[in-house]
Amino acid sequence: MLTRAIVRPPAESFAAGLTTAGLGAPVLGLALEQHARYCATLERCGLDITALAADADFPDSTFVEDTAIVTADFAILTRPGAAARAGEVGRVAAALEAAFDRLHAIAAPGTVDGGDVCQADNHFFIGLSERTNEAGARQLSGLLMREGLTSSIVDMRGVGGILHLKSAFTYLGDGRIVAIEAIAEHKALAPYEVVRVARGEGYAANLLRLNEFVVIAAGFPRLHEDLDGLAYAVETLDMSEFRKMDGALTCLSLRF
Ligand code: CIR
């Protein structure tokens, strides 16, 4: 059962963040509205929200997921792979210290972005990407092992057009992974039932399972239909402004 989420609204500097999307500049007012609806949806799904103050020093700081890995029992501060984002970790540390008795951290030369880490019950997938390096993945795997949790490292560097592992697949719960075509046959996913997103709906592979609800980005009717068919209670959210900055649903919160 998830009960809490930490979020941070986008700041005035939001449009100066990192992006490869080529979808134009985000409109801050609309991003703030979409963020408010995101928070309201998490609340409807049963989560209490801790909203950190917007932080204009770090344009990408609304993508708070990348700064930590959180579980029911402990948290791990990451070391984001993009130099421009390194300082974001220090700005979430106090909130995590308040919420967790056990706090670990990734150390140099390791780098890990939270977006490269996907929890599926007691197992973690750790993606190697332009942001998460082998030293970081190995450290994380060791920390998880000491906490009694298993992990597998999945090399995402050959999978074109994705930033993070969770841009390619996320855990739906119930032994099911939602994945883009390019990764659906990967051996690491073999123990799971893979729900493939249709061509042209790749962005929707990043979804949130929040207690009995599944939250997907608006505008992906085929995945929506498939999830309806599997009898999930589906909520949709317009993510247009975050997508312009390479962000998706999971990126906007730390959930535990
Ligand atoms: C970045 O490039 O770091 C941000 N503009 C987007 C981060 C998205 N985060 C995520 O997928 N967890």
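Below, all heavy atoms of this structure are taken into account, side chains as well, without hydrogens, waters or symmetry copies. When a ligand or atom number is given, it counts from 1 through the structure's own listing order. Numbering starts at 1 and runs along the sequence shown.
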Of the protein's non-hydrogen atoms, which lies at the shortest distance from atom 11 (O) of ligand 1, and what is that distance? Cys251 SG, 2.7 Å
Do Tyr192 and Phe125 have their ring centres less than 6.0 Å from each other? yes
His164, any N or O under 3.5 Å of ligand 1 N or O: yes
Please determine which of Leu165, Val154, Ile153 meets the side chain to side chain contact (heavy atoms under 4.5 Å, CB included) test together with Leu128. Ile153
Over 12 non-hydrogen atoms of neighbours within 6.0 angstrom of CG in Asn122: no
Return a yes/no value for Glu65: is any of its N or O atoms, backbone included, closer than 3.5 angstrom to an N or O of ligand 1? yes
Please check if atom CZ in Arg102 has more than 12 non-hydrogen atoms from other residues, nucleotides or ligands closer than 6.0 Å. yes
Return yes when atom CZ of Arg157 has more than 12 non-hydrogen atoms of other residues, nucleotides or ligands closer than 6.0 Å, and no otherwise. yes
Atom CD of Glu212 with >12 non-hydrogen neighbours under 6.0 angstrom: yes
With a cutoff of 4.0 Å, is Asp246 in contact with ligand 1, counting heavy atoms of the residue only? yes
Distance filter under 4.0 Å to Arg131 heavy atoms, resulting ligand 1 atoms: 1 (C), 2 (O), 3 (O)
What atoms in ligand 1 come closer than 4.0 Å to a heavy atom of Arg85? 1 (C), 3 (O), 4 (C), 7 (C)
Nearest heavy atoms of Phe256 and Thr71, plus distance in Å: CB-O, 3.7 Å
Looking at atom 9 (N) of ligand 1, what's its closest protein heavy atom, distance included? Asp66 OD2, 2.8 Å
Among all protein heavy atoms, pick the one closest to atom 6 (C) of ligand 1 and tell me residue, atom and distance. Met245 O, 3.3 Å
Examine ligand 1 and decide if any of its atoms is less than 4.0 Å from a heavy atom belonging to Lys166. no
Would you say Leu207 and Phe220 are hydrophobically clustered, going by side-chain heavy atoms of ILVMFWY under 4.5 Å? no
Mode of Leu18 contact toward ligand 1 - side chain, backbone, both, neither (heavy atoms, under 4.0 Å): both
Quick test: of every protein heavy atom, which one is nearest to atom 4 (C) of ligand 1, and how far off is it to 0.1 Å? Asp60 OD1, 3.3 Å
